[in-house]
Amino acid sequence: QQLKQRLRPEEVEREFGLDKGTLSYMRECSRDEGKLRGPMFLKDELIVLYQRKSVVKWIKQTMFQPAETDKTDETLKSQKHQSN
């Protein structure tokens with residue numbers, strides 16, 4: 001039941017340490033790119049809510065994934081080839 005609870009950005013910041021400014025930026029990127037950045041959220045006019053379960057899931061996924069880089073697949077292949 002607690003995982004279904006909806007949290008405002010300030011509550012996400014307090015409970016999980018995710019800065020509410022960063023959450024706002026990720027929502028903007030999601031809108032601009034058409035791809036979800038950050039935890040799933042609900043927005044109705046000025047109200048933004050995060051389901052606790054979505055925040056926990058997003059944190060688990062991002063903690064154990066390699067960071068995105070500017071390197072393309074071609075660059076990575078080239079570097080791998082040079083090191084062999």
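Residue numbers run from 1 in the order of the sequence given.
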Closest approach of [X] and [Y], non-hydrogen atoms and distance?
{"X": "L23", "Y": "L18", "answer": "CD1-O, 3.9 Å"}
{"X": "P39", "Y": "S54", "answer": "CB-O, 4.1 Å"}
{"X": "P9", "Y": "Y50", "answer": "CG-CE1, 4.0 Å"}
{"X": "G38", "Y": "W58", "answer": "CA-NE1, 3.2 Å"}

Spatial distance of atom [atom1] ([X]) from atom [atom2] ([Y]) [nearest 0.5 Å]:
{"X": "K57", "Y": "K60", "atom1": "NZ", "atom2": "NZ", "value": "11.0 Å"}
{"X": "K20", "Y": "E13", "atom1": "NZ", "atom2": "CD", "value": "6.0 Å"}
{"X": "E15", "Y": "Q5", "atom1": "CD", "atom2": "CD", "value": "7.5 Å"}

Do [X] and [Y] belong to the same hydrophobic cluster, where Ile, Leu, Val, Met, Phe, Trp and Tyr are linked whenever their side-chain heavy atoms lie under 4.5 Å apart, directly or via other members?
{"X": "L7", "Y": "L36", "value": "yes"}
{"X": "V48", "Y": "V56", "value": "yes"}
{"X": "M40", "Y": "F16", "value": "yes"}

Between D44 and I47 (side chain of the first, backbone of the second, donor and acceptor by atom type, cut-off under 3.5 Å), is there such a pair?
no
Given side chains that start at C-beta, do those of L42 and R6 come closer than 4.5 Å, heavy atoms only?
yes
Under 4.0 Å between a Lys/Arg side-chain N and an Asp/Glu carboxylate O for R37 and E33?
yes
Should R52 and E11 count as an ion pair when the cut-off is N to O under 4.0 Å?
no
